[in-house]
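The structure appears below as structure tokens.
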Amino acid sequence: MENKTEVFNIASELLEKNAKYRKDKVAIYCGNKRVTYGELLENVNKFANILAELNISPKERVMIHLSDTPMFFYAFLGSIKYGAWPVPVNTMLNEEDYEYLLSDSEARVLVTDKNSKAAKAKINHLCYKLYADDFLPYYLQKASSEAKTYPSKKEDIAFWLYSSGSTGKPKGVPHRHIDMAHSADNYALSVLGLTQDDICFSVSKLFFAYGLGNGLAFPLRHGASVVLLSQPPSPENVIDTVKTFKPTVFFGVPTQYNSVLKRMGDSEENPFKSVRICVSAGEALPPEIFKKWKEKTGLEILDGIGSTEALHIFISNRKGDIRPGASGRVVPGYEAKVIDEDGNEMPEGEAGHLIIRGESVTKGYWNRPKDNQEKFLEGGWFKTGDMYSTIDGYFVYQGRGDDMLKVGGIWVSPVEIENVLVQHPAVSEAAVVGHEVEGLVKAFGYVSLNEDFKDRSEKDSLTEEILQFVSERLPKYKWLRDVYMVEELPKTATGKIQRFKLRK
Ligand code: 3UK
């Protein structure tokens with residue numbers, strides 16, 4: 001029998017054995033910095049001691065708004081070791097978004113850089129700000145490098161992530177200590193065959209569940225090393241990082257593979273010679289990108305579907321078992337089914353709702369009884385919101401069951417952009433949908449105009465003006481590719497805009 005009362009703290013699990021058996025091995029490569037496993041443990045302890053000095057209690061939230069740097073590791077693992085709940089957040093958001101996230105999580109500590117948008121957010125409760133580019137390194141230096149482990153259990157919450165929805169605000173997704181071990185022991189072993197000889201490089205950042213597994217949980221769980229790119233992941237930066245650090249496992253989203261392919265162009269050189277395995281997730285990998293990547297680098301990309309709620313990938317292609325255009329087969333440690341509206345399993349080849357089950361799936365959103373009722377079904381099944389069909393045990397993606405868009409692997413809510421569009425004086429009504437460009441989904445706007453603007457002759461300049469209007473108000477990944485003016489938007493009898501009609 002498994003002992004559920006045994007102490008299990010994932011930070012200690014990821015650190016202590018490594019510090020004992022491979023103290024001087026480099027755990028983290030970041031620019032010209034190297035952090036050994038011994039130093040990693042010391043710095044994690046130091047961060048835990050800073051929380052103690054601030055009188056933070058276990059279970060209180062520590063928001064982490066940092067680029068991919070060793071400090072992210074210290075703050076994330078230091079919080080968990082202390083029993084507090086770290087909450088990594090997207091670094092590309094606006095001030096108001098951070099105000100919401102800080103208040104929804106009631107974070108008691110915010111770790112960020114002193115001039116960041118998160119640092120500027122107004123907070124109405126007591127929250128200490130620790131600046132990674134200012135006094136935090138000095139505090140760390142002074143803190144003791146020994147710390148006790150908070151005696152958590154496997155099933156206790158260890159950290160949160162945030163996930164966006166089609167309407168409404170991002171939802172807190174609590175994960176338990178065991179969740180992180182589960183994805184590292186199943187996906188990273190059975191699909192990637194990760195060993196201590198590997199060097200992982202994730203273009204997807206640590207604040208995403210995908211990047212957090214790729215860049216933190218997996219390498220540490222298996223005594224491997226990780227390469228961090230703290231700058232934005234431009235194709236130049238990515239190629240340089242691969243050339244310099246020679247990773248063996250490479251993780252990205254389809255858009256990143258596409259932009260690296262374009263950057264490599266016709267050159268003969270293959271910078272990916274060190275890589276033994278490539279992974280794609282976040283959105284479906286177009287077969288065309290799979291093919292071009294293989295031609296260019298000789299490597300096959302393993303597409304897999306994961307989610308913030310499941311923590312990592314639960315259906316995946318494998319080496320020697322790849323179906324371009326499909327997400328692959330269920331990963332050990334998970335179950336998946338395709339069902340109809342009434343919960344009956346669909347026959348092969350017919351599309352239905354994908355539901356999944358497995359140890360790393362969250363038990364429910366923080367403080368969202370209504371969403372929980374809709375998405376968490378009886379028997380521990382989670383409704384992903386995706387439409388899938390199956391063939392011979394392979395799962396084939398058929399699109400989302402809602403209007404949400406995945407652009408560059410990141411959630412984009414049509415409603416949020418529409419709300420900005422209708423603030424423009426010329427716009428009467430607006431709808432945002434995804435159209436494929438080179439097999440990848442991009443956001444496009446459709447607007448109907450107010451009477452005074454209908455006969456405006458220079459429509460081109462109005463298009464530009466509206467696109468500009470959106471880009472001034474939203475982070476770059478939510479910008480529109482183009483905006484089209486229509487006489488009227490398609491609507492249901494009850495007046496609801498039918499985005500699916502515009503998709504065609
Ligand atoms: C979509 C895919 C088709 C799908 C994620 C790997 O993407 C991750 O988490 P998110 O919470 O989004 C989850 C949703 O994204 N999706 C992801 N991968 C694929 N659709 N093919 C794919 N290969 O709609 C899913 O429900 O941002 C990915 C690991 C951890 C993750 N959190």
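Values below: all heavy atoms of this structure, side chains included; hydrogens, waters and symmetry mates excluded. Both ligands and their constituent atoms are indexed starting at 1 by order of listing. Owing to the predicted nature of the structure, the values given are computational and were not obtained by experimental measurement.
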* Using a strict cut-off of under 4.0 Å between a residue heavy atom and any atom of ligand 1, list the qualifying protein residues by chain and number. => A209, Y210, A281, G282, E283, A284, D303, G304, I305, G306, S307, T308, L311, H312, I313, T384, D386, Y388, Y397, R400, K406, W411
Identify every side-chain donor-acceptor pair in residues 235-244 under 3.5 Å, counting partners at least two apart or on other chains, and give the distances.
unit_1, atom_1, unit_2, atom_2, d
E236, OE1, S234, OG, 3.4
E236, OE2, R263, NH1, 2.6
N237, ND2, P232, O, 2.7
N237, ND2, S234, OG, 3.2
T241, OG1, N237, O, 2.6
T244, OG1, D240, O, 2.7

* Asked: Less than 6.0 Å separating the ring centroids of F250 and F272?
  -> yes
* Asked: Below 6.0 angstrom between ring centroids: does that apply to F314 and H182?
  -> no
* Test ring pair (Phe, Tyr, Trp, His ring centres under 6.0 Å) applied to F208 - qualifying residues, sequence neighbours left out -> none
* To do: Determine whether more than 12 heavy atoms belonging to other residues, nucleotides or ligands lie under 6.0 Å from atom NZ of K120.
  => yes
* For Y397, side-chain hydrogen bond (donor to acceptor under 3.5 Å, both in side chains) partners two or more places apart -> none
